[in-house]
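Read the structure below first, then the notes.
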Number of protein chains: 2
Amino acid sequence: MTDTIFDGHDHGRCQGMALDAVDAQCAARGLRLTPVRRDVLEILLKSHRALGAYDLLDELKARGHKAQPPVAYRALDFLLSNGFVHKIEQRNAYVACCQPGKAHAPGFMICRGCDLVAELPSPDPQDSVMVAARQIGFAVERTVVEAEGLCPACKREEEEA
Amino acid sequence: MTDTIFDGHDHGRCQGMALDAVDAQCAARGLRLTPVRRDVLEILLKSHRALGAYDLLDELKARGHKAQPPVAYRALDFLLSNGFVHKIEQRNAYVACCQPGKAHAPGFMICRGCDLVAELPSPDPQDSVMVAARQIGFAVERTVVEAEGLCPACKREEEEA
DNA sequence: CGGCATATGTTACTATATAACATTCTTCGC
DNA sequence: GCGAAGAATGTTATATAGTAACATATGCCG
Ligand SMILES: [Zn+2]
Ligand SMILES: [Zn+2]
Ligand SMILES: [Zn+2]
Ligand SMILES: [Zn+2]
């Protein structure tokens with residue numbers, strides 16, 4: 001399975017499926033995917049990158065929204081708290097989830113060359129943090145797992161230079 | 001081995017050892033642990049918590065330094081880039097390293113009750129992020145691993161309430 | 001329709017971090 | 001010791017990220 005965003009994956013399809021999944025989730029759980037919220041999600045899905053709140057704000061303006069910071073942050077709050085979007089802590093930036101709906105603790109690989117962000121399929125309870133936590137009785141409620149580096153393509157480019 | 005900061009560990013000793021280790025490192029590598037830098041490190045070591053840059057700034061003022069933001073950030077730059085301090089990304093805050101000198105990718109457990117931060121002894125190359133990265137040829141250069149939750153003591157307290 | 005809950009618009013502000021340049025302190029060759 | 005070069009600090013101003021508070025609008029239900 002090498003179907004990550006780093007090799008040529010069918011992004012149109014991936015994007016459409018994610019949007020559909022969110023629509024389904026909202027219908028099922030009585031959530032309102034309003035125009036602002038949907039636009040923020042679409043912007044993030046389209047880029048497959050981590051965007052800052054103020055980048056989103058600019059895009060919202062371009063799409064004709066009145067856009068003060070709270071508008072972007074409120075849309076993000078909604079999307080984050082329902083698991084449709086994740087925050088990349090090391091960049092204060094936001095990225096669309098690849099498996100929206102499925103409850104999961106996310107992990108990421110972030111390329112410093114092209115800024116693409118790949119979401120890991122799932123975290124492993126055998127990971128050393130989790131093992132250490134169990135050993136000392138620390139109750140983990142939220143994890144931040146982010147690996148920064150170079151994707152295969154960007155690594156090749158850097159080696160050639 | 002339950003010698004974490006969450007159970008009663010000899011903090012005076014732990015603090016002293018860390019400071020000594022940093023002194024030794026600086027001597028060995030020709031680094032200058034100036035008064036500001038040393039004070040920032042001491043403040044962080046003393047609290048065993050993650051402090052924001054502006055918290056540090058206040059403490060520096062209390063210790064008689066002239067203190068504008070760049071003063072704190074420059075001291076932090078020095079301490080971060082030499083591995084004496086780590087940044088807790090999910091809080092935009094900084095914590096002293098427990099094994100300064102030894103090169104290591106850090107991981108943390110952060111209690112949301114008492115704010116204590118425990119640094120994991122070491123990360124495991126078998127952790128799922130690393131395995132996934134190897135599989136697709138992603139070259140990891142930096143990892144952020146942070147687990148937030150409740151330490152044993154704070155969990156007990158919350159259950160009683 | 002009226003009333004309640006939810007979502008958005010808007011202003012102003014707090015918190016985090018850096019750019020740029022002036023000044024002082026160290027080091028080291030002379 | 002003296003002066004130049006580099007390193008560290010002082011200082012002002014500004015960039016970037018995030019929130020509080022209150023006004024207005026919109027959807028939903030009886
Ligand atoms: Zn996800
Ligand atoms: Zn790349
Ligand atoms: Zn460390
Ligand atoms: Zn605690």
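Because the structure is predicted, anything quoted here is derived from the model rather than measured. Reminder, nothing fancy here: chain letters follow the sequence lines and each chain counts from 1.
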Checklist line | Rounded interatomic separation in angstrom, taking CG from A:Leu60 and P from C:dT10 | finding: 14 Å
Note to self: Distance check needed: C:dA17 C1' versus B:Leu56 CG, whole Å only.
What the structure shows: 14 Å
Margin query: Distance check, rounded to the nearest 0.5 Å: A:Cys154 atom SG versus A:Arg112 atom CZ?
Written below: 8.5 Å
Item checked: B:Asn92 side chain near C:dA17 phosphate (N/O to OP1/OP2, under 4.0 Å) -> yes
Check: Is there a donor N/O on one and an acceptor N/O on the other, under 3.5 Å, for the side chain of B:Tyr54 and the base of C:dA17?
Finding: yes
Next item on the list: Determine, stepwise, if the pair B:Glu146 / B:Gln90 fulfils side-chain hydrogen bond (donor to acceptor under 3.5 Å, both in side chains).
Entry: CA-CA 8 Å; B:Glu146 302 172 357; B:Gln90 67 176 271; 3.2 Å; yes
Next item on the list: Return the 5'-most residue of the pair A:Gln68, B:Arg91 with respect to DNA chain C, ranking by each residue's nearest nucleotide.
Entry: A:Gln68
Notebook entry, point to check: Under 4.0 Å between a Lys/Arg side-chain N and an Asp/Glu carboxylate O for B:Arg156 and B:Glu160?
Noted result: no
What does the list of N/O pairs under 3.5 Å between the protein and nucleotides 4-7 of chain C look like, with a distance for each?
{"unit_1": "C:dA7", "atom_1": "OP1", "unit_2": "A:Arg37", "atom_2": "NH1", "d": "3.1"}
{"unit_1": "C:dA7", "atom_1": "O5'", "unit_2": "A:Arg37", "atom_2": "NH2", "d": "3.4"}

Next item on the list: Side chain of A:Pro70 only, please: which of C:dA17, D:dA17, C:dT10 is the nearest?
Entry: C:dT10
Notebook entry, point to check: Between C:dT8 atom P and A:Leu79 atom CG, what is the distance in whole Å?
Noted result: 10 Å
Note to self: Judged by each residue's nearest nucleotide on DNA chain C, which is more toward the 5′ side, B:Tyr94 or B:Arg74?
What the structure shows: B:Tyr94
Check: In whole angstroms, how far is the P atom of D:dA15 from the CG atom of A:Leu57?
Finding: 17 Å
Checklist line | A:Lys66 side-chain N/O to D:dT24 phosphate OP1/OP2 under 4.0 Å | finding: no
Item checked: Interatomic distance, A:Tyr73 OH vs D:dA21 C1' [rounded to whole Å] -> 18 Å
Checklist line | Stepwise side-chain hydrogen bond (donor to acceptor under 3.5 Å, both in side chains) test for A:His48 and A:Gln15 | finding: CA-CA 9 Å; A:His48 244 320; A:Gln15 212 178 127; over 6 Å; no
